[in-house]
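Take a look at the structure set out below.
Order of listing sets the numbers, starting from 1, for every ligand and every atom in it.
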Amino acid sequence: MPGFAHLIRTVPDFPTPGVQFRDIAPLLADGRGFAAAVAALAEPWRGAGLVAVAGIEARGFILGAAVARELAIGFVPLRKPGKLPGVLREVEYALEYGSDRLQVQADALPQAAPVLLLDDVLATGGTLDAAARLLETGLGARIAGATVLLEIAALGGRARWHRSAPLHAVLQV
Ligand SMILES: O=P(O)(O)OC[C@H]1O[C@H](OP(=O)(O)OP(=O)(O)O)[C@H](O)[C@@H]1O
Ligand SMILES: Nc1ncnc2[nH]cnc12
């Protein structure tokens, strides 16, 4: 277990009763922990020929931008509705607690660009699956893989990852 795992805090009944919320704020606030987490996320992808990290709003932005910098590649934001200007592509998806939509700018990536999809938590897997569909069908990108900091295995999200590209999780609970 990486030395920063203890910096992810479990908050019961947030944001709704029954949810065990995995809070990465203490990890982000810890310089060494944050650096180690970013290095661990980036490690499998060094030299993989990626052009960008696509990060999912909001916590996927914090980690994704740092990983993109670590790999010296670009960053593409996948955003909640109403935040991005210009011509957009969109998907709708279900969450552990509610539903949402994700948008990306239509010209964010060249056709067939190899991209790494990144988020903080894999729970039911709906967000990651939606983001992958958005990149593939909306942009024509090639998903080289996906990476998350924490996989909540009991929620079964990995079963929704139907692609041959690898899905890495730095930590599992
Ligand atoms: O695997 P799933 O069940 O789809 O859940 C995982 C998603 O849920 C959380 O995002 P949330 O929508 O809470 O947004 P936030 O990052 O803005 O807090 C988390 O950051 C993942 O993106
Ligand atoms: N239990 C959880 N903790 C943190 N982020 C989440 N996203 C979906 N489920 C979550």
Side-chain angles (χ1 to χ4, degrees), residues 1-2 4-30 33-34 37-38 40-42 45 52-69 75-84 88-105 108 115-139 141 143-163 165-173:
M1 187 69 87
F4 49 84
H6 66 286
L7 294 169
I8 299 176
R9 169 170 59 194
T10 301
V11 181
D13 300 318
F14 182 87
T16 55
V19 174
Q20 297 282 314
F21 187 80
R22 310 291 171 164
D23 180 16
I24 65 166
L27 171 65
L28 299 176
D30 183 293
F34 188 17
V38 169
L41 282 162
W45 308 102
V53 173
I56 303 171
E57 185 169 357
R59 286 169 270 153
F61 286 3
I62 303 166
L63 296 171
V67 169
R69 187 75 283 281
F75 178 80
V76 173
L78 307 183
R79 298 213 65 173
K80 308 282 168 72
K83 303 289 188 180
L84 289 170
L88 305 177
R89 304 286 180 247
E90 178 176 295
V91 282
E92 186 162 2
Y93 61 101
L95 275 177
E96 187 187 1
Y97 36 78
S99 85
D100 218 331
R101 285 177 293 147
L102 276 180
Q103 296 181 334
V104 68
Q105 286 173 319
V115 60
L116 172 64
L117 184 52
L118 187 145
D119 208 355
D120 65 329
V121 170
L122 176 69
T124 65
T127 306
L128 203 66
D129 176 60
R133 285 188 281 118
L134 180 62
L135 290 169
E136 284 176 339
T137 56
L139 296 189
I143 296 170
T147 199
V148 298
L149 184 63
L150 178 69
E151 176 179 357
I152 304 173
L155 295 177
R158 187 171 286 275
R160 293 183 67 170
W161 185 255
H162 301 299
R163 295 166 174 81
L167 166 57
H168 285 295
V170 172
L171 297 167
Q172 286 184 324
V173 287

Practice task
Inspect the surroundings of CZ in R69 and state if more than 12 heavy atoms from other residues, nucleotides or ligands are less than 6.0 Å away.
Solution key: no
Would you give the length of the straight line joining atom [atom1] of [X] to atom [atom2] of [Y], rounded to the nearest 0.5 angstrom?
X	Y	atom1	atom2	answer
L88	Q105	CG	CD	6.5 Å
H162	R133	NE2	CZ	10.0 Å
W161	I143	CH2	CD1	5.0 Å
R101	E92	CZ	CD	6.5 Å
D13	Q20	CG	CD	7.0 Å

Exercise for the section: Kindly identify the option in P15, G55, A58, A131 whose heavy atom sits closest to atom 15 (P) of ligand 1. Expected result: A58
Handout entry: Minimum non-hydrogen distance to atom 1 (O) of ligand 1, winning option of G125, A94, G156, G60
Key = G125
Which of the numbered atoms in ligand 2 are below 4.0 angstrom from a heavy atom of [X]?
X	value
A123	8 (C), 9 (N)
R59	4 (C), 5 (N)
I152	1 (N), 2 (C)

Problem - Polar contact flag for Y93 and ligand 1 (N/O pairs, less than 3.5 Å) - result: no
Handout entry: Within reach of ligand 1, part of D119 (heavy-atom separation under 4.0 Å)
Key = side chain
Problem - Part of K80 with heavy atoms under 4.0 Å of ligand 1, whether side chain, backbone, both or neither - result: side chain
Exercise for the section: Please determine if Q20 has a nitrogen or oxygen closer than 3.5 Å to a nitrogen or oxygen of ligand 2. Expected result: yes
Practice task
Considering the heavy atoms of V121, write down every atom of ligand 1 situated less than 4.0 Å from one of them.
Solution key: 6 (C), 21 (C)
Exercise for the section: Pull out every atom of ligand 1 sitting under 4.0 Å from any heavy atom of T124, numbered as shown with elements. Expected result: 1 (O), 2 (P), 3 (O), 4 (O)
Exercise for the section: Please confirm whether D120 comes under 4.0 Å of ligand 1, counting heavy atoms of the residue only. Expected result: yes
Problem - F4 side chain near F34 side chain, heavy-atom distance below 4.5 Å - result: no
Exercise for the section: Please examine the side chains of V115 and L139, heavy atoms only from C-beta on, and report whether any two atoms are closer than 4.5 Å. Expected result: no
